[in-house]
Colleague: 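Sharing a structure, written as structure tokens. Questions coming.
Note that the numbering runs from 1 along the sequence shown for the chain.
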Amino acid sequence: MFRFAMALLAAVAAISAAFSALAGPLTRDASFFETLPIEGVSLSTPPREAFDILYANGYTAGEVTAYEDWTHGSLNLVRGTYGGPEGQSSITLGRADGRLALISQSLNRRGIDANAEIASVQSHFGVAADEPDCRMNRAGTSGACQVRDTEDRGAATMIFTMTAQSTMILRSVSRPKDLKKTLE
């Protein structure tokens, strides 16, 4: 009986994987990525304005206190503390060729509504609630979303990823072809 159950489970997993592969990745037009806000900043926000918005909202970047002090392609800004009442939010901005190439956030805080976070992204991208690449898990305790602007990952010019739980969110939107430039 155990062998039969394991064989059935393996068959179901293989069929599920085959259907997922047939469905292809979740893709949307690049314009969706340009306007997706993370803490009030999107890829269409000019780098100076993005820095000013985050700084005005309590984010700090160590010794970088003005946009002119941002001398490298990427910058990490932090607000709050890990155990504090608002938690800790860490945002990395990456810039290349005079525009943002990356906005990445790690947010650790109790009481995050993962359902609302996933629903917000689904709404922004026009995604159905049962979309395999952008939905809550069956238990309703966490969710994940991945969207790109083409089925061919190597050719993608825009990628969004997010994982949401009740105590943590990891999300990023990027122009993958410009990411190497942000390390300069």
Side-chain angles (χ1 to χ4, degrees), residues 28-125 127 134 142-149 153-184:
R28 292 294 184 266
D29 184 77
S31 63
F32 284 95
F33 300 85
E34 290 280 346
T35 59
L36 179 74
I38 296 178
E39 295 294 324
V41 175
S42 69
L43 287 178
S44 64
T45 308
R48 175 184 291 276
E49 186 179 333
F51 177 88
D52 291 343
I53 288 169
L54 293 173
Y55 200 80
N57 287 320
Y59 284 86
T60 59
E63 294 181 15
V64 178
T65 58
Y67 180 78
E68 293 73 24
D69 299 334
W70 181 4
T71 58
H72 300 290
S74 62
L75 180 68
N76 190 54
L77 299 107
V78 178
R79 178 178 70 190
T81 59
Y82 188 73
E86 293 299 314
Q88 183 178 43
S89 176
S90 175
I91 293 185
T92 299
L93 295 179
R95 65 182 178 186
D97 300 326
R99 65 183 184 174
L100 289 179
L102 168 71
I103 305 167
S104 179
Q105 180 184 33
S106 170
L107 172 64
N108 294 286
R109 181 182 71 217
R110 289 189 179 113
I112 294 172
D113 186 344
N115 261 317
E117 294 291 339
I118 293 292
S120 175
V121 172
Q122 289 171 330
S123 176
H124 180 83
F125 283 108
V127 174
C134 190
S142 66
C145 191
Q146 182 176 33
V147 187
R148 58 185 183 239
D149 66 343
R153 184 170 182 86
T157 60
M158 300 284 189
I159 294 178
F160 171 78
T161 61
M162 181 170 95
T163 301
Q165 301 175 352
S166 63
T167 59
M168 176 195 69
I169 294 177
L170 300 172
R171 58 181 145 210
S172 77
V173 61
S174 67
R175 304 174 201 272
K177 294 183 180 202
D178 290 343
L179 287 179
K180 284 185 182 178
K181 295 176 188 175
T182 68
L183 301 174
E184 298 172 352

Colleague: Quick one: CD on Q105 to OG on S90, what's the gap to the nearest 0.5 Å?
Modeller: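 Result: 8.5 Å between the selected atoms.
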
Colleague: Where do C134 and V121 come nearest, in terms of heavy atoms and distance?
Modeller: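 Heavy-atom minimum between the residues: SG-CG1, 4.1 Å.
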
Colleague: Cut-off 3.5 Å, side chains only: do S174 and S172 have a donor facing an acceptor?
Modeller: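 S172 and S174 do not have a side-chain donor-acceptor pair below 3.5 Å.
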
Colleague: Going through the checks in order, is the side-chain contact (heavy atoms from CB on, under 4.5 Å) test met by V64 and L75?
Modeller: CA-CA 9 Å; V64 178; L75 180 68; 3.9 Å; yes

Colleague: Looking at K181 and D97, is there a salt bridge between them, counting it only when a charged N and a carboxylate O are closer than 4.0 Å?
Modeller: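 Looking at K181 together with D97, the answer is yes, because their closest N to O distance falls below 4.0 Å.
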
Colleague: So does R175 get a backbone contact from the side chain of D178, meaning a donor-acceptor N/O pair under 3.5 Å?
Modeller: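 No, D178 side chain to R175 backbone: no donor-acceptor pair under 3.5 Å.
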
Colleague: Atom CD1 in I169, atom CG in N108: separation rounded to 0.5 Å?
Modeller: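 These two atoms lie 9.5 Å from each other.
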
Colleague: Say you draw a straight line from OG of S142 to CD of E117; how long is it, rounded to the nearest 0.5 Å?
Modeller: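 If I round to the nearest 0.5 Å, the distance is 13.0 Å.
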
Colleague: CZ/R109 to OG1/T81 distance, rounded to the nearest 0.5 angstrom?
Modeller: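 Answer rounded to 0.5 Å: 12.5 Å.
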
Colleague: In Å and rounded to the nearest 0.5 Å, what is the OG1 to NZ distance from T182 to K180?
Modeller: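 Separation between the atoms: 11.0 Å.
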
Colleague: Compare all side-chain heavy atoms of F33 with those of T157 and state whether any distance is below 4.5 angstrom.
Modeller: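 F33 does not reach T157 side chain to side chain.
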
Colleague: Do you know which two heavy atoms are closest between S42 and L100, and how far apart they sit?
Modeller: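 The answer is O-CD1, 3.5 Å.
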
Colleague: Checking salt bridge (charged side-chain N to carboxylate O under 4.0 Å, His left out) for the pair R99/E34: CA distance, chi angles, key distance, verdict?
Modeller: CA-CA 11 Å; R99 65 183 184 174; E34 290 280 346; 5.1 Å; no

Colleague: Roughly how far, to the nearest 0.5 Å, is the NE2 atom of H124 from the CZ atom of R28?
Modeller: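 Atom-to-atom, R28:CZ and H124:NE2 are 10.5 Å apart.
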
Colleague: Spell out, as yes or no, whether a donor-acceptor pair under 3.5 Å connects the side chain of R148 to the backbone of A156.
Modeller: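 Side chain of R148 to backbone of A156, a donor-acceptor pair under 3.5 Å: no, none is there.
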
Colleague: Could you check whether any side-chain heavy atom of L102 comes within less than 4.5 Å of a side-chain heavy atom of T92, counting everything from C-beta outward?
Modeller: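 Yes, side chains in contact.
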
Colleague: Once you measure the plane-to-plane angle for F51 and Y55, does it fall in the parallel (<30°), tilted (30-60°) or perpendicular (>60°) bin?
Modeller: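 Judged by the thresholds at 30° and 60°, the geometry between F51 and Y55 is parallel.
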
Colleague: Could you tell me which non-hydrogen atom of S89 sits nearest to which non-hydrogen atom of Y59, and how far apart they are?
Modeller: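 Minimum heavy-atom contact is OG-OH, 2.6 Å.
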
Colleague: Take F32 and F160, measure what ring pair (Phe, Tyr, Trp, His ring centres under 6.0 Å) needs, and give me the verdict at the end.
Modeller: CA-CA 10 Å; F32 284 95; F160 171 78; over 10 Å; no

Colleague: For a 4.5 angstrom cut-off between non-hydrogen side-chain atoms, does L183 reach H72?
Modeller: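 Sidechains of H72 and L183: no contact.
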
Colleague: So is R95 actually on top of W70's ring, under 6.0 Å and inside 45° of the axis?
Modeller: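 Cation-pi check for R95 and W70: passes.
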
Colleague: Given R171 and S104, is the side-chain contact (heavy atoms from CB on, under 4.5 Å) satisfied, shown in steps?
Modeller: CA-CA 6 Å; R171 58 181 145 210; S104 179; over 6 Å; no

Colleague: Do L107 and I112 come close enough that some side-chain heavy atom pair is under 4.5 Å?
Modeller: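 Yes. Closest side-chain heavy atoms under 4.5 Å.
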
Colleague: Does atom CD of E86 have more than 12 heavy-atom neighbours, drawn from other residues, nucleotides or ligands, at distances under 6.0 Å?
Modeller: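 No, because the 6.0 Å sphere around CD of E86 holds 12 heavy atoms or fewer from other groups.
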
Colleague: Would you name the heavy atoms of A50 and L93 that are closest together and state the gap between them?
Modeller: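 Scanning both residues completely, I find the closest heavy atoms to be CB-CD1, 4.1 Å.
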
Colleague: Any non-hydrogen side-chain atom of L36 less than 4.5 Å from a side-chain atom of L43?
Modeller: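 Heavy-atom side-chain distance check fails, nothing below 4.5 Å.
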
Colleague: How close do T71 and E68 get, heavy atom to heavy atom, and via which atoms?
Modeller: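 Nearest heavy atoms, T71 then E68: CG2-O, 4.3 Å.
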
Colleague: Hey, mind stepping through I91 and R79 against side-chain contact (heavy atoms from CB on, under 4.5 Å) and telling me if it holds?
Modeller: CA-CA 9 Å; I91 293 185; R79 178 178 70 190; over 6 Å; no

Colleague: How about E39 and N57: do any of their side-chain heavy atoms sit closer than 4.5 Å?
Modeller: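 Not in contact.
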
Colleague: Decide yes or no on side-chain contact (heavy atoms from CB on, under 4.5 Å) for S74 and N76, but give the supporting numbers first.
Modeller: CA-CA 7 Å; S74 62; N76 190 54; over 6 Å; no

Colleague: Considering the options L77, I103, V78, I38, which one meets the side-chain contact (heavy atoms from CB on, under 4.5 Å) requirement together with L54?
Modeller: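 The passing option is L77.
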
